[in-house]
Amino acid sequence: MAALQPVRGTHDLLPDAARVHRAVEDRAFDVARRFGFGEIVTPIFEFTEVFKRTLGDTSDIVTKEMYTFEDRGGESLTLRPEGTAAIVRAFISGGLAQSVPVKAFYRGPMFRYERPQKGRLRQFHQVGIEILGVEGPAADIEVITCGYHILEALGLGGTVTVELNTLGDLDSRAVYREALVAYLQGHKDKLSEDSLARLERNPMRILDSKDEGDRAVVADAPVLADHLNDASRDFFARVREGLAALNIPVEISPRLVRGLDYYTHTAFEFTTTQLGAQGTVLAGGRYDGLVKQMGGPPTPGVGWAAGVERLSMLLADPPPAPRPFAVIPAGAEAEALALTLTDRLRRAGHVVDLGYGGNMGKRMKRANKVGARAAIILGDEELAAGEATVRDLDSGEQARVPLDALEGALDRFR
RNA sequence: GCGGGUAUAGCUCAGUUGGUUAGAGCGCUUGGUUGUGGUCCAAGAGGUCGUCGGUUCAAAUCCGACUACUCGCCCCA
């Protein structure tokens, strides 16, 4: 039986769930398209190097969460654990540096070997956007605004908090990091085990530790904002002004940091309290060093990714299944007519269900089960008159309609 | 990777201090005749009680391991 279960941390999307999942993706893309983003589809696996080089050798994702394997040709490949690295790789290998700015939207499955929880799977799905080639804060503003509009389109405008911070440019970040490490070194005895490890690899992560002891230490730690140079400070101010002008409610979170190494300047996170520990629903930031780090021409970038499963769980108005019309023939002659009539109505754009057999009672039951809006009944009487009986399954009212006027008669049910 | 909880029909759950053929609701199938669903009534199908092992005369019930799910930590979308 174990073999017949989906692999741990993976999930089938049965029709009802799949409909919600697609709706989230489609609405996100609809909004992104209005902002001028075009879709980029990249392969689901890449050379392992693509992720190693971008995510940093010490990140958890690279060190213990990647699905890496050797193919038959001996190449080391990895199922993508996130989207940005692949988009940037495509940007470089596709020569898109010639046509910056590039505004890319992507969606699809990502893979991380993690311990599954609610809202955390081993194969999960993201939608994301990236703007490559824009240095100024206009891109940051647009990217955050787009994310906010998408959440609004999903009916989540009021339930999500937008947290914002700046990591400063590379100089500011380096200066701050030094100050922070110096401070933390002096309080080593009070730090948790996790944070001692972070002190080596990713000291800024200690800022958002949930450990009480850590929090006490962090409370008096040097603040990033005090270490920003003028350029970084100005950049952040302009981002905030832009968002304020667009009425996007933002909370400044001085301790918000990013797990991945390539982020600079703007960092943001859209969170909800409705999903427990997996409250982050959309997150991203600016990554000015990434393209160059991957071997492309120095190109600034900013973007975010959002978790489709998490958004699906929150979706305010899950889309209903479409309500079909049920064509119900009685008798062999009617059966033959039903086949062509159904085809005609489908070509006209209607959703039509044609049962595979059974008497009228069974077919009516089926019509009801599939949520049909109306039944189109074809029997001997109707055939003789060149008509069909159209029965409104909500009200129970029915009327005879000439066959060649059917399309028009069905329009009133839309 | 670490810690806690859970695991009974397709779904949501009962199952008393271990004791014969494991129950309910919903869903499903069939019927309540001949061309009309949703409501109602009746009958029926469906469970190696997550898996493996142990304790016992006897295990869904107690113990252990494993697996999955779940809630935290970690990480992150």
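FYI, side chains are in, hydrogens and waters are out, and symmetry mates aren't considered; it's all heavy atoms of this structure. Order of the sequence lines fixes the chain letters, A, B, ..., with proteins taken first and strands second; residue numbering starts at 1 for each chain. Just so it is clear, the structure is predicted and the values come from calculations on it, not from any experiment.
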Asker: Considering only side-chain heavy atoms of A:K365, which listed nucleotide, B:C73, B:G37, B:C76, is closest?
Answerer: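 Between B:C73, B:G37, B:C76, the one nearest the side chain of A:K365 would be B:G37.
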Asker: When we call it a touch if two heavy atoms are under 4.0 Å apart, what does A:R115 touch: a base, just sugar-phosphate, or nothing?
Answerer: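 Base contact - A:R115 has a heavy atom under 4.0 Å of at least one base atom.
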Asker: So do A:E381 and A:E387 actually touch side chain to side chain, heavy atoms under 4.5 Å?
Answerer: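 With C-beta onward as the side chain, the pair stays apart.
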Asker: Answer yes or no: are there more than 12 heavy-atom neighbours, outside A:E407 itself, under 6.0 Å from its atom CD?
Answerer: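 Yes.
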Asker: Which pair of non-hydrogen atoms, one from A:A338 and one from A:L378, has the smallest distance, and what is that distance?
Answerer: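 So the two residues come closest at CA-CD1, 3.8 Å.
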Asker: Counting Watson-Crick and G-U wobble pairs only, both distances under 3.5 Å, name the nucleotide matched with B:G72, or none.
Answerer: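 The answer is B:C2, by the H-bond criterion.
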Asker: Tell me which nucleotide, if any, is Watson-Crick or G-U wobble paired with B:U48 when both distances must be under 3.5 Å.
Answerer: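 Because no pair has both required distances under 3.5 Å, B:U48 counts as unpaired.
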Asker: Please determine if a side-chain N or O atom of A:R198 lies less than 4.0 Å away from the OP1 or OP2 oxygen of B:C75.
Answerer: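 Checking A:R198 against B:C75: at least one side-chain N or O falls below 4.0 Å of OP1 or OP2.
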Asker: Just name whichever nucleotide pairs with B:G35, Watson-Crick or G-U, keeping both distances under 3.5 Å, else none.
Answerer: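 Its partner: none found.
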Asker: Would you mind pulling out the nucleotide paired to B:C26, Watson-Crick or G-U wobble, both distances under 3.5 Å?
Answerer: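 WC or wobble partner is B:G10.
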Asker: Which of these passes side chain to side chain contact (heavy atoms under 4.5 Å, CB included) with A:R122: A:M110, A:E65, A:R8, A:R115?
Answerer: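 Running side chain to side chain contact (heavy atoms under 4.5 Å, CB included) over A:M110, A:E65, A:R8, A:R115 with A:R122 returns exactly one hit, A:R8.
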Asker: Give none if B:G53 has no partner; otherwise give the nucleotide forming a Watson-Crick or G-U wobble pair with it, both distances under 3.5 Å.
Answerer: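 Pairing partner: B:C63.
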